[in-house]
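What follows is a short report on a single structure.
When a ligand or atom number is given, it counts from 1 through the structure's own listing order.
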Amino acid sequence: MAEAPVTADLSRLPADTVTLLRRLGALARERGTDVYLVGGLVRDLLLDVGSVDLDVAVVGDGPAFARRASEALGGTLVVHERFMTSTVTLEDHTLIDVATARTETYERSGALPRVKPAPIDADLRRRDFTVNAMALQLAPAAFGVLLDPFGGAADLAARRLRILHDRSFLDDPTRILRMARFAARLEFGLEDGTAARLAEALEGRAFEFVSGDRLREEIYLGLNELEPAAVFGRLEAWGALDTLLPGASPGGDLAELEELAGRLIALCEKGATWDPSALRLLLLMRSALPPALDAAARKLNLPPSSREVLKYAPRLPELARAAEAAEKLSNVHKVLRGMPLEVQLAVLVFVGPPEARERVFTYLRGGRGLAPELTGDDLQAMGYAQGPGLKPILEGLVEARLDGAVHNRRDEERWVREHFPRPPLAPSDPSAN
Ligand code: ATP
């Protein structure tokens, strides 16, 4: 007798999402094809943990289905022809990633795959781990029925990660990093065969075949997990970290530092001028020496701004001590001025005593971008000569502002006259004669 189909309990999803999934299933049927819910959401639904991405795979022409779905649901559409994938964004900001069910072939290890439309079983076969190779049917007649050709549900129950075939890590070594993320996040172990293939892939120096950009993307995903120290701790325990990122230290106090950094990152607005991932990478590499830092920057093809951040790793303890010793905001400014925000935040993470931490935090929140009201032109109008002599005056004004010695333009003028009493007159100033 055939086994009864397993149907997932979709009631754990918001009612709107279930309605949306039913509509996608009906829309695909109208076109004579099938659509499946795939990827992390299926895994997380069966595990009963939260997940937000909607990934669906369509048998046939994915972009055409995405276009139809976007019209019917009133969304906007972006198509990535090369990968046969599309993203539909609904008015309520729900994102639906629509992929064409496909096979992928790897021409060489670590390269991007060549893709070809295929039935859903073949699509599931190209995936990374059995727990990520399940699909839920969305067709009205079989809504919610689980497709699980590789025993993903059993592996979920046994809390283990298992690759689908022996060459998996050789085809795509970034799966090792994905495995560390899932193992840490879900607290899963490795199935024995998978652990053996991992050891072989590391022996064959699998990461050497991956481009710096792909490595960086995957490492940044790991750094942005809720517990990055656990992700990199797994890689270390597997013997993968030495070849991947020599000089990284996931142990010791990293978890604590990351936790504090996470809270700071949430307080700071992410802007074009700073990158939370660079801060997290700096913390991971906090014990590395300059040659290892240079090597990491090259290996991950870091942009110049992140390279600059990473260079500060060996100085963090000394900077934190100096910041702790600073009794006034102006002293904090002298320690931290001109440094990238990522570095300043890392210093704050290292500062121990609460009072000192509060002071550095106050500086970063309000003082860091402080400028005096008086400009160089104003100082010249007051009789000070143009040129490098203006710099200490303007800098002194910033410090006076930080320490609350001046509050407005008139205070500033008074402060300047008091502290720089005999203005050197500009040579071109006609009143000099
Ligand atoms: P997360 O919860 O981190 O988003 P996810 O499982 O949804 O996890 P995605 O990176 O969004 O991960 O990928 C969606 C699905 O695509 C995965 O579940 C997996 O089936 C497949 N996949 C992604 N990257 C790879 C890869 N490098 N090799 C094989 N399959 C992959």
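Of all the atoms in ligand 1, the ones that sit under 4.0 Å from a non-hydrogen atom of Arg185 are 1 (P), 2 (O), 3 (O). Close contacts between ligand 1 and Arg126 involve ligand atoms 29 (C) [criterion: under 4.0 Å to a heavy atom]. Ligand 1 places these atoms under 4.0 Å from at least one heavy atom of Asp172: 26 (C), 27 (N), 28 (N). For ligand 1, the atoms closer than 4.0 angstrom to any heavy atom of Arg181 are 3 (O).
One finds a salt bridge joining Glu412 and Arg401 here, because a Lys/Arg side-chain nitrogen approaches an Asp/Glu carboxylate oxygen to under 4.0 Å. Ion pairing between Asp155 and Arg159 fails under the 4.0 Å rule for side-chain N and carboxylate O. Between Arg286 and Asp253 a salt bridge is recorded (basic side-chain N to carboxylate O distance below 4.0 Å). Between Arg181 and Glu225 there is a salt bridge, since at least one side-chain N of the basic residue sits less than 4.0 Å from a carboxylate O of the acidic one.
Closest heavy-atom approach to atom 19 (C) of ligand 1 among the candidates Thr174, Leu164, Asp128, Val38: Asp128. Comparing heavy-atom distances from atom 6 (O) of ligand 1 across Arg127, Arg175, Glu225, Arg43 singles out Arg43 as nearest. Between Glu104, Met134, Glu218, Arg178, it is Arg178 that holds the heavy atom closest to atom 12 (O) of ligand 1.
Side-chain contact, Asp213 with Ser211: no donor N or O sits under 3.5 Å from an acceptor N or O.
Heavy atoms of Phe129 come nearer than 4.0 angstrom to ligand 1 in no pair at all.
Counting non-hydrogen atoms of other residues, nucleotides and ligands closer than 6.0 Å to CG of Leu226 gives a total of 12 or fewer.
Under the side-chain hydrogen bond (donor to acceptor under 3.5 Å, both in side chains) criterion, the residue pairs touching residues 195-210 are Arg197-Glu200, Arg205-Glu208, with sequence neighbours excluded.
Ligand 1 has an N or O atom lying under 3.5 Å from an N or O atom of Gly40, backbone or side chain.
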